[in-house]
Amino acid sequence: MARYYRYRLPPWARTWIIVIERGTLPILVFPLIRTRFFPTTFDVFLLGLLVGLFIAFYLEWI
């Protein structure tokens with residue numbers, strides 16, 4: 001099997017990946033601040049999910 005390579009995708013898919021990649025950090029800040037003041041189970045789960053997504057983009061796993 002070939003390794004995942006984002007530049008082989010159609011242009012519309014690459015555009016969406018770039019938009020999601022660029023928007024992850026600003027979206028991550030709000031749950032981080034909210035979790036610091038009002039930690040609920042949902043907020044901690046959402047923060048963990050967004051941090052995982054951010055790390056995956058940073059390490060180019062996606």
Side-chain angles (χ1 to χ4, degrees):
M1 286 194 109
R3 187 172 179 268
Y4 171 75
Y5 189 58
R6 76 166 58 177
Y7 298 106
R8 289 177 142 175
L9 297 172
W12 61 269
R14 279 186 302 206
T15 303
W16 277 107
I17 287 177
I18 291 169
V19 166
I20 294 169
E21 184 176 9
R22 300 290 184 228
T24 304
L25 184 61
I27 292 172
L28 179 67
V29 172
F30 178 72
L32 180 65
I33 293 171
R34 183 180 157 96
T35 304
R36 294 284 294 164
F37 294 113
F38 307 110
T40 63
T41 305
F42 175 73
D43 288 329
V44 172
F45 177 73
L46 182 64
L47 183 65
L49 186 69
L50 287 171
V51 166
L53 183 65
F54 180 75
I55 290 172
F57 277 125
Y58 183 75
L59 296 176
E60 295 181 0
W61 291 345
I62 296 178

side-chain contact (heavy atoms from CB on, under 4.5 Å) with [X]: which residues, sequence neighbours excluded?
X: Pro11; result: Arg14
X: Val44; result: Thr35
X: Leu46; result: Pro31, Phe42, Leu50
X: Ile17; result: Tyr4, Arg6, Leu9, Phe57

Is [Y] reachable from [X] through a run of hydrophobic residues whose side-chain heavy atoms are each under 4.5 Å from the next?
X: Ile55; Y: Leu28; result: yes
X: Phe54; Y: Val19; result: no
X: Phe45; Y: Leu47; result: no
X: Ile18; Y: Leu53; result: no

Under 4.5 Å side-chain linkage, directly or through intermediates, the cluster mates of Phe38: Val29, Ile33, Phe37

Inter- and intrachain pairs under salt bridge (Lys or Arg N to Asp or Glu O under 4.0 Å), touching residues 44-58, at least two apart: none

Least distance between heavy atoms, Ile20 atom then Thr24 atom: O-OG1, 2.5 Å

Inter-residue atom distance Arg22.CZ - Ile27.CD1, 0.5 Å rounding: 13.5 Å

Side chain to side chain donor-acceptor pair (under 3.5 Å) partners for Arg34, two or more places apart: Asp43

